Amino acid sequence: MVEGLRAAGYDLPVPEGTFYLVPRSPIPDDMAFAARLAADGGSPFRVPPR
């Protein structure tokens, strides 16, 4: 999953003992990223179109 998110443009560390992933948005403005997901009918579990 880590490699898949990295391939999609996310920056994230490899978890050390848990399954929780804390990726950094590929769009620097987190509010713009959330708005783009919402406008696209998206989900927090996918990457918005570029």
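In this text, all values refer to a predicted model and were calculated from it rather than measured experimentally.
- The salt bridge (charged side-chain N to carboxylate O under 4.0 Å, His left out) search around Asp11 returns Arg24, not counting sequence neighbours.
- Annotation for Leu12 and Arg6: closest pair O-NH2, 2.7 Å, computed over non-hydrogen atoms.
- In this structure, the side-chain contact (heavy atoms from CB on, under 4.5 Å) partners of Met1, at least two apart in sequence or on a different chain, are Leu5, Phe19, Leu21.
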